[in-house]
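Below is one structure; the comments refer to it alone.
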Amino acid sequence: MAGDLQFSWELSGSGWVTYRIADGASEHETHIGYCTDALADLLYAMTGLYGDSSGERFSFDREPMETRWLLRRQGADVAVRVFEFPDGGTSWGSPDETGGTLLWRSTQPRGVLCHAVKEAAEAVLREHGEDGYQEKWMLHPFPMAALQDLRRLHGRDDDCGHEQCRTGLGAGPSAS
């Protein structure tokens, strides 16, 4: 797959993750906490892009802030907008982005976006295994079902040039 999109997801301590997304023109990086099942929310939003919905939305808890991702399908592409809200206690679940600050935006082919997220989740699984992930993330297990769904949909519906995606072989067995 072509594209300059990069995405990483790194556990950075007990109950914290740092993610970074960059598209060659701009980048966004932040730290989020374990109060939500953040990686599962991200993976399930990616799988939702393969269905009939026009887009997906999910939020990360940043204690006390909220970071909200909006994904809107535009044909084969996905417009990604990431907003920050100063008080997640009042903004969580609000129907629009009023009061939020746009942190990052990009439009990417669905396959490129989903591949980058899938690879980042697989890297976490290879590094920590399911048990190690649970130990570091604490409140939630590694979202294996969500990762398997994304692997299946991406391999089936995207014309990905990566061998693992064409053959349906993921990152191999977990290192639990």
Side-chain angles (χ1 to χ4, degrees), residues 1 3-49 55-72 77-88 91-92 97 100-130 132-151 153-154 162 165 170-171 174-175:
M1 296 196 119
D4 294 331
L5 187 70
Q6 299 174 359
F7 184 77
S8 63
W9 187 273
E10 295 182 22
L11 298 177
S12 56
S14 293
W16 290 98
V17 70
T18 300
Y19 76 79
R20 178 183 174 272
I21 189 164
D23 67 359
S26 63
E27 71 178 68
H28 163 63
E29 178 178 297
T30 197
H31 309 283
I32 54 177
Y34 66 96
C35 292
T36 63
D37 198 356
L39 185 55
D41 293 343
L42 171 66
L43 291 170
Y44 280 126
M46 295 300 124
T47 64
L49 295 172
E56 298 290 322
R57 108 189 213 154
F58 59 95
S59 293
F60 296 134
D61 182 10
R62 292 189 40 221
E63 300 175 356
M65 295 179 282
E66 172 193 357
T67 297
R68 183 181 303 167
W69 284 45
L70 297 178
L71 309 171
R72 296 290 173 249
D77 293 336
V78 178
V80 180
R81 294 184 302 156
V82 180
F83 290 88
E84 177 181 82
F85 295 85
D87 182 359
S91 63
W92 202 272
E97 283 46 73
T101 301
L102 182 64
L103 299 176
W104 191 79
R105 71 180 329 152
S106 183
T107 299
Q108 297 291 323
R110 178 191 65 197
V112 169
L113 175 63
C114 291
H115 183 87
V117 169
K118 179 187 77 68
E119 279 194 331
E122 289 172 341
V124 169
L125 182 59
R126 279 191 307 274
E127 181 177 348
H128 300 285
E130 290 182 67
Y133 179 90
Q134 174 80 57
E135 184 178 313
K136 286 188 93 79
W137 196 244
M138 298 187 289
L139 292 181
H140 304 280
F142 184 85
M144 186 58 78
L147 176 57
Q148 289 172 339
D149 285 349
L150 183 56
R151 285 174 176 162
L153 293 167
H154 175 64
H162 291 90
C165 298
S174 70

Quick one: closest heavy-atom pair of [X] and [Y], and the distance?
| X | Y | value |
| --- | --- | --- |
| Ala146 | Leu43 | CB-CB, 3.7 Å |
| Glu27 | Ala22 | CB-CB, 3.5 Å |
| Leu11 | Val17 | N-CG2, 4.0 Å |
| Trp69 | Phe7 | CH2-CE1, 3.9 Å |
| Thr67 | Thr30 | OG1-CG2, 4.5 Å |
| Leu113 | Leu5 | CA-CD2, 3.6 Å |

Handout entry: Partners passing side-chain contact (heavy atoms from CB on, under 4.5 Å) against Glu63 (at least two apart in sequence or in another chain)
Key = Trp16, Cys35, Asp61

Completion exercise
Those residues at least two apart in sequence (or on a different chain) that pass ring pair (Phe, Tyr, Trp, His ring centres under 6.0 Å) with Trp104 are none

Problem - With Phe83 via ring pair (Phe, Tyr, Trp, His ring centres under 6.0 Å) - residues at least two apart - result: none

Measure the [atom1]-[atom2] distance between [X] and [Y] for me, rounded to the nearest 0.5 Å.
| X | Y | atom1 | atom2 | result |
| --- | --- | --- | --- | --- |
| Met46 | His115 | CE | NE2 | 13.5 Å |
| Leu153 | Arg110 | CG | CZ | 8.5 Å |
| Phe142 | Glu130 | CZ | CD | 7.0 Å |
| Arg105 | Ser26 | CZ | OG | 10.0 Å |

Exercise for the section: Look at the rings of Trp9 and Tyr19 and say which category their plane angle falls in: under 30° parallel, 30 to 60° tilted, over 60° perpendicular. Expected result: parallel

Problem - Any donor-acceptor N or O pair under 3.5 Å, side chains Ser106, Gln108 - result: yes

Practice task
Could you walk me through whether His140 and Tyr34 pass the side-chain contact (heavy atoms from CB on, under 4.5 Å) test, one step at a time?
Solution key: CA-CA 8 Å; His140 304 280; Tyr34 66 96; 5.5 Å; no

Problem - Short side-chain to backbone donor-acceptor contact, Glu122 and Arg126, under 3.5 Å - result: no

Handout entry: Salt bridge flag under 4.0 Å for residues Glu84 and Arg62
Key = yes

Exercise for the section: Check whether more than 12 heavy atoms from other residues, nucleotides or ligands sit under 6.0 Å from atom CZ of Arg72, and answer yes or no. Expected result: yes

